Amino acid sequence: MLGEYRALTQNPLLFLEQKGQSKADVIPIRIGLETLYLLNNADHVKSVFVGNDPNFVKGRYYRRITPLLGGGLFTLEGEEWRRQRHIAQPFFGGEHFRAFAPMIGQSGQQTIQIIKTHLADGAGGPGGEGRSDLDLLNFFSAIALMIAVHVFFGLKVRFDDSVQLAQDLSDILRFLEDRLWSPIPLPLWLPTKDNQHFNERNRHFHRFLDQQIDQRLAGEGDDQGALLLDAILAANGLTATDRAENPDARRKTTRAQLLSILIAAFETSALSMLWSLILLKQNPEIEAQMRAEADAVLNDEKLNTAHINQLEIAKRVYQESMRLYPPGWCFSRELEKPHEFGNTQLSAGKTVILCAYNIHRNPLYWEHPTRFYPDHFTSENSAKRPRHAYFPFAGGRHACLGARFAMLEGPYLLSLILKNFEIDIEEAEEIKPIAATTLRPDRPVRAHFVLRP
C-alpha cells in the first residue's frame, strides 16, 4: 500500500540519491496510490523551467501549506502570483539592486561588531574573553533576517530580537515540513502539542509583521526612496488608518507577501553561509586564498558592487557550496497537460521531482562531482556544462527573485568575517546534511571566533 513512502520519509536525501544513480532519465517512485517521477537529466530540468513552465505548477504538495502561509509568492500560482511577482520584481534589479551594496556593507560592519561584542563578553564559550562560541546556524539566521528587514522594509531589528524571530520562523518551517511529508496532516484546531507550538510561533511572527507594517505606515525607518515594503503597502491599498488590531483581507495579503520574502531571504542565505564555512574549514588551502582576497579587496571604503565583483574566489566558494549543499535541494511540479520527457510520456496531474542535490553531483556535468572544487565556477568551466545542471535557485518564472541579492550578500559577509576572525568549527569533518524542505546540518554547528591581529 505505501510503496516506497517509508524509505522516502525516513531518509529522503539518501533515497533520492540512490534513485539518481540509475542510468534512466526518468525514474518512477511509487508512494501509496501515486507515482512520482524523478527527472535525472539536465535537459529535462530545462524543459520544466524554460519554455514549458506554464504547464508545470507547484501542485498539491504546496497546496498543503498555502493556508498556513496565507498565500504569498512561495506557494501561489495564477493571476495572484503574477500580481505579487510584478510588484516585487523591480526591486531586484537596476537602481534598486545597486542600492543593496552599501546597505549590505552597513549590515556587514554591524555583524562584525556583534561578534566582537561576544568576544569582549566571552559570551557562551569556554574560552573566556577574546574567544567567542556561537551556534552558526542560529547566528547566520538572525543576521540574514536583520539584513532582509533593513534592505526590503527600511527598518531595523535588534540582534537579540532577531535571534528569537529567526527561531520562530525556523519552527514554522519545520512544522510545514512535517505537513508536507505527512500522509494525513492533522487539522490545526486539534490541541496537539505540535499544533499549539506552531500556532504560538505563528501568532508571534505575525505580530512582528504587523509592527513592521504599522511602523512604515507611520513614516518610520530609512528615507531612501521607494522600498519593497512601500510598494507592497501601496499595491494592497493599506494606509495609516488601517490598524493591526482589526485586520482585513488587505493586511492578511500583505503579511503573506512579507512572510514569503523573509522565508526566501533568511534560511537560504543562512544555510549557504554555514555550508560555505564548513567546507572552507575542511579545505584550509582554499580558506587561505579567500582570506588573502578579502584582505586585498575589502577596506574602509563604503561598499559598492565593484568591491563585491572583485571577490572572485569568494563567489566561486559560495556557488560551490550551493552545488554540494543546495538549500533548496529538491523541487516538485505538477503537470497541467501531458508532456513528453524523452521516451517517457506523462499525463496531466502527474508530479515530477527535480532534485538539485542529484543533478549537482552528476559526473556527466561535473569534473569533481563530490569534491569541494570552487573552480567548477570559473568562466571557462561554467561554459562547458548545460545551464540547468545547476539550479540552486530553481528556474524559469518561479526562479528565486533574491538570487542576485544572495550573490551580493553571501560572498561579502563570508569575506568580511574571514578578514576579521580566525574560526574553528567543532567536528567540521563529521558534519553531514539532513534533508527536509532545506538541506541542514545533522547537528548544531559550534564555531569559535578569535579576532585576527
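Just so you know, these numbers come straight off a predicted model, no measurement behind them.
Below 30°, between 30° and 60°, or above 60°: for Phe152 and Phe405 the angle between ring planes is between 30° and 60°, a tilted geometry. Aromatic ring orientation, Tyr357 versus Trp329: perpendicular (interplanar angle above 60°, classes split at 30° and 60°). Ring orientation note: the planes of Phe175 and Phe198 are close to parallel, at an angle under 30° on the 30°/60° scale.
Rounding to the nearest 0.5 Å places CZ of Arg203 at 5.5 Å from CG of Asn199. Between Thr268 atom OG1 and Leu439 atom CG the span is 11.5 Å, to the nearest 0.5 Å. One finds the CZ atom of Phe139 at 6.0 Å from the CZ atom of Phe449 (value rounded to the nearest 0.5 Å). Here the straight-line distance linking atom CZ of Phe421 with atom CG of Leu119 works out to 5.5 Å at 0.5 Å rounding. Remark: Leu8 CG to Ile31 CD1 distance equals 4.5 Å, nearest 0.5 Å. Rounded to the nearest 0.5 angstrom, Leu414 CG and Ser321 OG are separated by 7.5 Å.
The backbone N or O of Ile434 lies less than 3.5 Å from no partner atom in the side chain of Asp442, so there is not a single donor-acceptor pair. A donor-acceptor pair under 3.5 Å links the side-chain atoms of Arg216 to the main chain of Glu220, judged by distance alone. For Arg250 (side chain) and Gly237 (main-chain N/O), a donor-acceptor pair under 3.5 Å exists by modelled atom type. Checking side-chain atoms of Ser141 against main-chain N and O of Leu137 turns up a donor-acceptor pair under 3.5 Å. Side-chain N or O atoms of Asn358 include one that pairs as donor or acceptor with a backbone N or O of Leu16 at under 3.5 Å. A donor-acceptor pair is defined here as one N or O able to donate and one able to accept, closer than 3.5 Å; no such pair exists between the side chain of His197 and the backbone of Thr192. Proximity of a side-chain donor or acceptor of Glu293 to a complementary backbone N or O of Ile313 within less than 3.5 Å is detected.
The minimum heavy-atom distance between Ala428 and Ile278, with the atom names listed, is O-CG2, 4.0 Å. Contact record, Glu426 with Ile431: O-CD1, 4.2 Å, taken as the closest heavy-atom pair. What you find for Leu155 and Gln215 is that their closest heavy atoms are CD1-OE1, 3.8 Å. In plain terms, the two heavy atoms of Tyr318 and Ser272 that are nearest each other are OH-CB, 3.2 Å. Nearest approach of Arg446 to Asp135, heavy atoms of both residues: NH1-CB, 3.4 Å. In this structure, Glu336 and Ala348 approach most closely via the heavy-atom pair O-CB, 3.4 Å.
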### Message
Working note: Phe266 + Leu173, criterion side-chain contact (heavy atoms from CB on, under 4.5 Å); need CA distance, chi angles, decisive distance, verdict.
### Response
CA-CA 12 Å; Phe266 110 101; Leu173 291 175; 3.8 Å; yes

### Task
Give the intermediate values and the outcome of ring-ring contact (aromatic ring centres under 6.0 Å, His included) for residues Tyr390 and Phe377.
CA-CA 11 Å; Tyr390 183 69; Phe377 292 93; 4.8 Å; yes

### Task
Run the numbers on Leu209 and Leu262 for side-chain contact (heavy atoms from CB on, under 4.5 Å), then give the verdict.
CA-CA 10 Å; Leu209 293 175; Leu262 293 182; 4.0 Å; yes

### Task
Dump the intermediate steps for side-chain contact (heavy atoms from CB on, under 4.5 Å) on Phe153 and Leu228, then the final yes or no.
CA-CA 6 Å; Phe153 301 174; Leu228 179 53; 5.8 Å; no

#### Entry: Arg361 and Glu17: CA distance, side-chain angles, deciding distance, salt bridge (Lys or Arg N to Asp or Glu O under 4.0 Å) verdict
CA-CA 9 Å; Arg361 292 166 178 253; Glu17 186 177 14; 5.1 Å; no

### Message
Arg404 vs Phe100, test: side-chain contact (heavy atoms from CB on, under 4.5 Å). Steps then yes/no.
### Response
CA-CA 10 Å; Arg404 290 180 66 198; Phe100 287 160; over 6 Å; no

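Counting only N and O atoms by type, the side chains of Asn236 and Thr254 include a donor and acceptor under 3.5 Å apart.
Residues Leu39 and Val26 form a side-chain contact, since some pair of their non-hydrogen atoms from C-beta on lies under 4.5 Å apart. Inter-residue side-chain proximity for Leu346 and Val352 is flagged as met; some heavy-atom pair is nearer than 4.5 Å. The shortest side-chain heavy-atom distance between Leu259 and Phe205 falls under the 4.5 Å cut-off. By the 4.5 Å heavy-atom criterion applied to side chains, His44 and Leu38 are not counted as neighbours. In this structure, Ile353 and Cys330 have side chains that are in contact, with non-hydrogen atoms separated by less than 4.5 Å. The shortest distance between side-chain heavy atoms of Val445 and Leu277 does not fall below 4.5 Å. Ser276 is not listed as a side-chain neighbour of Tyr325, based on a closest heavy-atom distance of 4.5 Å or more. Contact annotation: the side chain of Asn420 never approaches that of Ile115 to less than 4.5 Å [non-hydrogen atoms, C-beta and beyond].
Judged by a 6.0 Å distance limit and a 45° cone about the ring axis, Arg316 is not positioned over the six-membered ring of Phe372.
When each of Leu413, Leu298, Leu280 is paired with Leu418, the side-chain contact (heavy atoms from CB on, under 4.5 Å) condition holds for Leu280 and for no other.
Annotation: Arg387, atom CZ; neighbour count of heavy atoms from other residues, nucleotides and ligands within 6.0 Å does not exceed 12.
A salt bridge is defined here as a Lys NZ or Arg NE, NH1 or NH2 lying under 4.0 Å from an Asp or Glu carboxylate O, and Lys19 with Glu4 meets this definition. For the pair Glu320 and Arg323, the salt-bridge criterion is met [side-chain N within less than 4.0 Å of a carboxylate O].
Annotation: salt bridge (Lys or Arg N to Asp or Glu O under 4.0 Å) contacts involving residues 257-272, sequence neighbours excluded, comprise Arg174-Glu267. Among residues at least two apart or in separate chains, side-chain hydrogen bond (donor to acceptor under 3.5 Å, both in side chains) pairs with a member in residues 405-419 are Ser269-Glu409. A side-chain hydrogen bond (donor to acceptor under 3.5 Å, both in side chains) check over residues 153-169, counting only residues at least two apart or in different chains, returns the pairs Arg158-Asp161, Gln164-Asp168, Gln167-Asp171, Asp168-Arg201, Asp168-His204.
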